[in-house]
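Note that the structure is a prediction, hence the values are computed from the model and not measured. Atoms within a ligand are numbered from 1 in the order they appear, just like the ligands themselves.
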Amino acid sequence: MKQQLEQIRTAAMKALEQAASPEELEALRVQFLGKKGELTAVLKMMGGLSAEERPVMGQLANTVRAEIEQKLDASRNVLKAKLLEAKLRSETLDVTVPGTRIPQGHRHPMNLALDEVKDVFVGMGFDIVDGPEVELSDYNFTRLNTPEGHPARDHSDTFYVTEDDEVLLRTQTSPIQIRVMETQQPPIRMFAPGRVYRKDEVDATHSPMFHQMEGLVVDKGITMTDLKGCLEQMVKALYGPDAVVRFRPHHFPFTEPSCEVDVQCFECHGAGCRTCKGEGWIELLGAGMVHPKVLAGCGIDPEVYSGFAFGVGLERMAMRRFAISDMRLIFENDVRFLEQF
Ligand code: DAH
């Protein structure tokens with residue numbers, strides 16, 4: 001029996017030494033010390049021993065058990081330390097390795113141009129407002145002094161949404177003027193950028209969807225001088241203090257008098273070149289004094305109040321600002337183009 005116990009001890013020590021995982025250790029514990037384990041099996045045979053042998057073997061068995069238990073503990077600790085070490089090694093972070101660069105997005109040139117213009121008008125105390133893109137013909141045309149039968153309302157130019165032509169995709173941001181004036185009493189100073197739609201074929205300078213920015217000022221004693229000063233300030237803020245502005249008579253149904261505003265070509269300074277198509281001037285926007293009929297239609301007394309308005313094409317402005325030669329580039333979303341801004 002003594003020999004059996006010694007064998008168990010030797011076998012257990014060897015096996016425990018080689019165990020590679022906590023699961024293996026547990027299996028060994030069951031194998032040697034468990035209720036059906038090898039040591040228990042030997043102890044069960046104690047009954048057959050003589051009275052002198054029994055305490056001796058009992059003591060030996062206890063010693064073997066204690067030694068195996070100690071070894072189990074020790075092996076457990078060694079394994080734990082090894083696992084921890086392996087974990088630490090596998091999770092090491094080398095903070096000196098260069099990072100992966102995350103490609104940064106760019107602001108679209110249209111937004112860059114828009115933000116510049118917004119800045120100018122917010123600086124002059126204008127509110128930024130918004131209006132619906134699906135608009136009533138009434139707001140887009142009639143109340144802007146553009147009655148039925150006017151060529152601007154033609155089906156070849158306008159996307160009508162309903163068969164009775166009452167609803168359309170707005171062709172200009174000017175209906176926002178009406179929406180503001182019918183809900184707000186003067187003084188009014190508003191600036192409204194947004195998408196507009198016209199039945200135009202796509203080419204280098206046209207798109208069926210483009211952007212405009214509308215401005216409107218209504219107060220007592222507003223004159224053409226205010227219009228000129230305000231727009232000159234905008235042009236100089238955008239194109240530099242040396243920019244030269246020209247006001248040219250024009251016609252719009254909702255303003256009287258009306259004008260178009262040109263800026264002197266910055267390439268040739270008025271001499272005529274490719275950029276200005278030989279004109280010496282580049283057309284920037286339409287503007288005018290708000291027609292008394294338009295004011296009255298919104299419940300604003302034209303005897304007391306007057307105002308000016310203007311409308312700017314944002315694509316044109318961005319194209320000029322960043323020397324973009326083809327409008328299609330603005331909408332194609334080719335990253336090779338967009339990355340340049
Ligand atoms: N809505 C006009 C257009 O699309 C531009 C315009 C002209 C707007 C004169 C105005 C204005 O507010 O006063 O051509």
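For ligand 1, the 4.0 Å heavy-atom shell contains residues Gln172, Ser174, Gln177, Arg198, Gln212, Glu214, Phe252, Phe254, Thr255, Gly286, Ala287, Gly288, Ala309, Phe310, Gly311.
When ring centroids are compared, Phe191 and Phe121 come within the 6.0 Å threshold.
Taking hydrophobic clusters as Ile, Leu, Val, Met, Phe, Trp and Tyr residues chained together by side-chain heavy-atom distances below 4.5 Å, Met319 does not share a cluster with Trp281. In the hydrophobic clustering of this structure, Phe141 does not group with Phe252; members are Ile, Leu, Val, Met, Phe, Trp, Tyr whose side-chain heavy atoms approach within less than 4.5 Å, directly or through other members.
With no hydrogens or angles considered, a side-chain donor-acceptor pair links His206 and Asp203 at under 3.5 Å. Looking only at atom types and distance, the side chain of Ser174 has a donor-acceptor partner in the side chain of Glu214 under 3.5 Å away.
Judged purely by atom type and a 3.5 angstrom limit, Lys199 uses its side chain to pair as donor or acceptor with the backbone of His155.
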